Amino acid sequence: QKEVEQDPGPLSVPEGAIVSLNCTYSNSAFQYFMWYRQYSRKGPELLMYTYSSGNKEDGRFTAQVDKSSKYISLFIRDSQPSDSATYLCATRGTSYGKLTFGQGTILTVHP
Amino acid sequence: NAGVTQTPKFRILKIGQSMTLQCTQDMNHNYMYWYRQDPGMGLKLIYYSVGAGITDKGEVPNGYNVSRSTTEDFPLRLELAAPSQTSVYFCASSPRLAVGPDTQYFGPGTRLTVL
């Protein structure tokens, strides 16, 4: 079983839709949860960060962590064509720097 | 600041050849990483370094070597290239923070094909 599982998609939605991206993880020691966004032929960049359980909102983006079910979500409201990218969830435990990434979900938002 | 730079951008190798992927960061970050990214497989950690002179293996180190003689540079060496090493390679760096997010800053990647 992979430590972090993410549906690779691809996911295609119309502009303005609400997008839900999800990951599950198996290691209960994971405490830090991140979402990275990767545009085509570029390196990933950090989008959202959450520590432990709960929600975090940043503009149109909301990150959610449910540690009881080991479930990580990213919601995008009013999606835009510029949101088209690969979204990677990432987690780590207490060892700083060593992240475990999901497979990435390819999202396309069409006008 | 240029951030994290990688060279070359593209490379085609023949089976059995060797090469070094270069990575440099100008943010004075202690931590540096090498990942490979295969289609639909996410990022796999090859090697990482917590400072000059200190390196350690990640998830998929076989067939690779690294060194870290300065804070800025973290080259990745491929010896005896194999088709299984065809991938996109990303270098990343991060500051060591007591609190706060794991912001790893990634380079633009090197696309390597082994034929």
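Just so it is clear, the model here is predicted, and its values are computed rather than measured. Reminder, nothing fancy here: chain letters follow the sequence lines and each chain counts from 1.
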For this session: Check the surroundings of atom CD1 in Ile12(B): do more than 12 heavy atoms from other residues, nucleotides or ligands lie under 6.0 Å from it?
Result: no
Exercise. Is Ile72(A) reachable from Leu11(A) through a run of hydrophobic residues whose side-chain heavy atoms are each under 4.5 Å from the next?
Worked result: yes
Exercise. Would you find more than 12 non-hydrogen atoms of other residues, nucleotides or ligands less than 6.0 Å from Lys42(A) atom NZ?
Worked result: no
Problem set entry | Contact origin within Gln38(A) toward chain B - heavy atom pairs under 4.5 Å | side chain
Exercise. In Å and rounded to the nearest 0.5 Å, what is the CG to OG distance from Leu99(A) to Ser94(B)?
Worked result: 8.0 Å
For this session: State yes or no: do Leu112(B) and Tyr64(B) share one hydrophobic cluster built from I, L, V, M, F, W and Y residues joined by side-chain heavy-atom distances below 4.5 Å, directly or via other members?
Result: yes
For this session: Pick whichever of Asp38(B), Leu43(B), Leu45(B) has the most heavy-atom pairs under 4.5 Å with chain A.
Result: Leu43(B)
Exercise. With a 4.5 Å limit on heavy-atom distance, are the side chains of Glu45(A) and Phe106(B) in contact?
Worked result: no
Exercise. Do you know the tightest heavy-atom contact between Arg41(A) and Arg111(B)?
Worked result: NH1-NE, 3.0 Å
Problem set entry | Hydrophobic cluster membership, Leu78(B) vs Val60(B), 4.5 Å side-chain cutoff | yes
For this session: Tell me whether Trp35(A) is reachable from Tyr25(A) by hopping between hydrophobic residues (I, L, V, M, F, W, Y) whose side-chain heavy atoms are closer than 4.5 Å.
Result: yes
Exercise. In terms of heavy-atom proximity below 4.5 Å to chain A, should Tyr33(B) be classed as side chain, backbone, both, or neither?
Worked result: side chain
Exercise. Does some side-chain heavy atom of Met41(B) sit less than 4.5 Å from a side-chain heavy atom of Phe101(A)?
Worked result: no
Problem set entry | Residue part contacting chain A, namely of Gln37(B), when any heavy atom lies under 4.5 Å | side chain
Exercise. Transitively linked via ILVMFWY side-chain contacts under 4.5 Å: Tyr35(B) with Val50(B)?
Worked result: yes
For this session: Give a yes or no answer on whether the side chain of Tyr36(A) reaches the backbone of Gln104(B) with a donor-acceptor pair at less than 3.5 Å.
Result: yes
Problem set entry | Contacting region of Tyr51(A) [heavy-atom separation from chain B under 4.5 Å] | neither
